[in-house]
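Report on the following structure.
Heavy atoms only: backbone and side chains are in, while hydrogens, waters and symmetry mates are out.
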Amino acid sequence: MSSGDKTKKTKSKKCGTYIGGQAVLEGVMMMGKTCMATAVRDASGEIQVEAKRLNKSNGVKTASKIPFVRGVVNLFSSLVTGTKTLMRSAAVYGDDDEEGGKISKWLAEKFKLSVMDVVAAISVVLGVALALALFIFLPRFATDFIMGFIPEDAATSFEWVRYVFLGVFKLLIFILYLSLILLLKDIQRLYMYHGAEHKTINAYEHGVELTPEKVKQCSRLHDRCGTSFLFIVLLVNIVLISVITWAFKAYVIPDVTNQVALSFINIGIELVLLPLIAGFSYEVLKLLAKFDNFFVAILKAPGKLLQKALTTREPDEEMIAVAIAAFNKVLEMDNDQSVPETSFITGGILSKMLENTKNKFKQAGIDESDAEWIYSLVLDVPRSELSVERNVKSSESKRINEIAEQRLKGRPLWYIIGDTEFMDCKIKVDERALIPRPETELLADAVVKSAENGDKILDLCTGSGCIAVSVAKALRDKGCQVTASDVSDAAIMLATENAALNGVNVNFVLSDLFTNVHGRFNIIVCNPPYIKSGEIPHIQKEVREHEPRVALDGGEDGLDFYRRIASDVRSYLAKDGMLIMECGEGQANDILQLFPKRDYVMVMKDLSGVDRFVKIVF
């Protein structure tokens, strides 16, 4: 026996546990007293854990404490919970393929249903139907077929042979079924996770540290395994059904001789007795798990043999890590009722997911339009088309969730995304500079429309370089030369990256306004800091805490930079040169007063009708 099959011997178990589990697709579900946790390794290789509190009704709680009844309750609960958990794990592990995506989209559009909801319901029905067909109907009709070759007199004299055949067929079908499904690759991996589940529980019960390396040395066989339970159910079924159907035929319906009718009567008896058999088998399993002696070991041996030969496989350490994650989560939640539930990041219906994200943003005081931008960018569809229903894949959902979580923590959306569109350029953005605002596109556009062939253009306070880069790109064919300056070397570095990203030539200068700038320019453009110092603590938290203050603070009245520009600009403007600047709401007239000697002025409005730009020709 390999080390993977043999738990290190101890005189007694150090830690008994009530936690049980189940293998799922690429993961393990563990269930405790108050909660259940399912850990799955998703398609990207990360472990996701979904943990839910068990909200059992008072009736179910009471039934779960009654001997023989609790076995039936647990059997039904395991069927429903197990199927749902399998479907949930499938939703985490794999995205829809092309054909599956079409089905998902059709279900989403027509019925607002997830394909997993439909599959789960169908799976429960088909699972029950298959179990009844394989283990009740098929053995009965196979037995009747064989008995048909035995003369009637002999068959009557040796009626016990019928029950022997029935028991043999049930055992053969059970073992054959478990053997055949092993041919499926997914089932082989499922059984490896089954082994990981057993090893983890065994490790805890024997006081072994829950690390993949140490858990791997524990046994993959366990007394409370579902395989052993099913085998006990089968044995109890064979004995009990044989006795009861014989007695029923002998004393209740002795005159019925039609074998087909007898078969259906016996099937009916078996269906009616199924809950009793399940309840009795559950008690037997619990009783056997409490003892560890030679006699009990003999009774446990068939179940463990099936586990070893068929329903468990040696897992790798990554699988064991998944099982440990589920087990530890159950321990944590059972010991602390304040630990919150967690959910898988899976796909779903677009409208439901978007509405949920919008509600979260609304509660956090974040503009709901940010949620629309996130979905639009991740799904690669215009915001106007988000009303078209579709199914969101789990990989898309994961990316959406990652961005939304960062946004909920206060980080500006475009810093999270990493870039934004400005004019016809992609501009990289991060905390080194302000995020370009939509209204600033009008400032850049005014420069482009005012420029002539061969003009020299200077962009002061360039920040991300969005104005300089977009102007250089738009005027490429006019032979214009663009220079840009900023007092921040980090901003200059970012602006240089954006020029390279968009394939344009811009001369960047590290300079406090005009300090290191040389020459004269036909157009000087600037979007300087213009927020009043006293207003900085009251602006949006995400702007205040994440965007650079040096790019926001315009002094006590917000006009410090305009005054400095007014004092020096004539020395850097060519004849008939122009200055175009962005300003804050209500500042335009005050700014114009700083430039008393000018030939021409124009105040331009932004898209909201606010006086936002001043254009001055000297």
Side-chain angles (χ1 to χ4, degrees), residues 414 419-430 432-486 488 491-492 494-509 511 513 517 521-530 547-548 551-552 561-562 565 569 572-574 577-585 587-588 591 601-617:
W414 301 108
D419 58 58
T420 186
E421 296 294 326
F422 186 90
M423 299 283 278
D424 291 326
C425 301
K426 176 171 283 190
I427 301 298
K428 181 180 178 180
V429 290
D430 56 36
R432 288 176 287 180
L434 289 183
I435 299 168
R437 270 56 175 179
E439 58 266 21
T440 305
E441 290 187 340
L442 298 176
L443 179 63
D445 186 59
V447 175
V448 172
K449 290 178 178 178
S450 301
E452 297 179 358
N453 291 339
D455 274 355
K456 293 182 178 180
I457 301 168
L458 172 64
D459 175 25
L460 295 173
C461 305
T462 193
S464 66
C466 60
I467 295 174
V469 170
S470 61
V471 167
K473 186 174 182 179
L475 298 176
R476 198 195 312 260
D477 295 337
K478 288 190 174 183
C480 295
Q481 299 176 35
V482 180
T483 299
S485 71
D486 200 285
S488 167
I492 288 293
L494 176 62
T496 302
E497 293 171 12
N498 280 320
L501 180 64
N502 289 277
V504 297
N505 292 318
V506 176
N507 177 32
F508 290 105
V509 180
S511 176
L513 291 183
V517 174
F521 302 87
N522 304 99
I523 300 175
I524 296 178
V525 60
C526 185
N527 179 16
Y530 54 71
E547 299 196 59
L552 298 169
F561 283 85
Y562 298 98
I565 292 171
V569 69
Y572 294 92
L573 273 176
M578 70 176 65
L579 172 66
I580 308 176
M581 299 182 294
E582 184 173 324
C583 59
E585 187 173 351
Q587 292 179 335
I591 291 170
V601 298
M602 177 187 289
V603 177
M604 297 174 286
K605 298 181 182 296
D606 62 17
L607 296 175
S608 299
V610 175
D611 290 342
R612 182 67 65 185
F613 313 102
V614 293
K615 181 177 180 180
I616 306 172
V617 179

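Here the CG-CD1 distance, from Leu475 to Ile523, works out to 7.5 Å after rounding to the nearest 0.5 Å. Atom CG in Asn527 sits 8.5 Å away from atom CD in Glu439 (nearest 0.5 Å). Atoms CG and NZ, from Leu579 and Lys615 in turn, are 11.5 Å apart once rounded to the nearest 0.5 Å. To the nearest 0.5 Å, atoms OG1 (Thr496) and CG (Asn507) are separated by 9.5 Å. In this structure, the separation between NZ on Lys426 and CG on Leu501 is 7.5 Å, given to the nearest 0.5 Å. A distance of 8.0 Å separates OG of Ser511 from CG of Leu460, quoted to the nearest 0.5 Å.
For Glu441, there are no salt bridge (charged side-chain N to carboxylate O under 4.0 Å, His left out) partners two or more places apart in sequence or in a different chain. Checked against ring-ring contact (aromatic ring centres under 6.0 Å, His included), Phe521 has no partners two or more places apart in sequence or in another chain. By the side-chain hydrogen bond (donor to acceptor under 3.5 Å, both in side chains) test, Thr440 pairs with Glu582, sequence neighbours left out. Asp445 pairs by the salt bridge (charged side-chain N to carboxylate O under 4.0 Å, His left out) definition with Lys449, not counting sequence neighbours.
Contact record, Phe561 with Pro528: CB-CB, 3.8 Å, taken as the closest heavy-atom pair. The minimum heavy-atom distance between Ile492 and Ala484, with the atom names listed, is CD1-O, 4.5 Å. Smallest separation of non-hydrogen atoms from Leu494 and Ala433: CD2-CB, 3.8 Å. For the pair Gly454 and Asn522, the tightest heavy-atom approach, listed with the atom from each and the gap, is O-OD1, 4.4 Å. Heavy atoms only, all atoms of each residue included: Met604 and Ile580 are closest at CE-CG2, 4.3 Å. Considering all non-hydrogen atoms of both residues, Phe613 and Leu443 come closest at CE2-CB, 3.7 Å.
The neighbour count for Glu452 CD, taken as heavy atoms of other residues, nucleotides or ligands under 6.0 Å away, does not exceed 12.
A donor-acceptor pair is defined here as one N or O able to donate and one able to accept, closer than 3.5 Å; such a pair exists between the side chain of Glu547 and the backbone of Ile435. With Ser470 contributing its side chain and Ile467 its backbone, the two residues share a donor-acceptor pair below 3.5 Å.
Applying the salt bridge (Lys or Arg N to Asp or Glu O under 4.0 Å) rule to pairs touching residues 494-508 yields Lys428-Glu497, Arg432-Glu497, sequence neighbours excluded. The salt bridge (Lys or Arg N to Asp or Glu O under 4.0 Å) contacts involving residues 453-481 comprise nothing, where partners must be two or more places apart or lie in separate chains.
Tested against Ser464 for a side-chain contact (heavy atoms from CB on, under 4.5 Å), the candidates Ile427, Asp430, Thr420, Asp486 yield a single pass: Ile427.
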Start with the C-alpha distance between Cys461 and Leu513, add both sets of side-chain angles, then the distance that settles side-chain contact (heavy atoms from CB on, under 4.5 Å), and finish with yes or no. CA-CA 7 Å; Cys461 305; Leu513 291 183; 3.7 Å; yes
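A 4.5 Å side-chain heavy-atom check between Pro438 and Leu607 finds every atom pair outside the cut-off. Cys425 is not listed as a side-chain neighbour of Asn498, based on a closest heavy-atom distance of 4.5 Å or more. Counting heavy atoms from C-beta on, the side chains of Ile591 and Met581 come closer than 4.5 Å.
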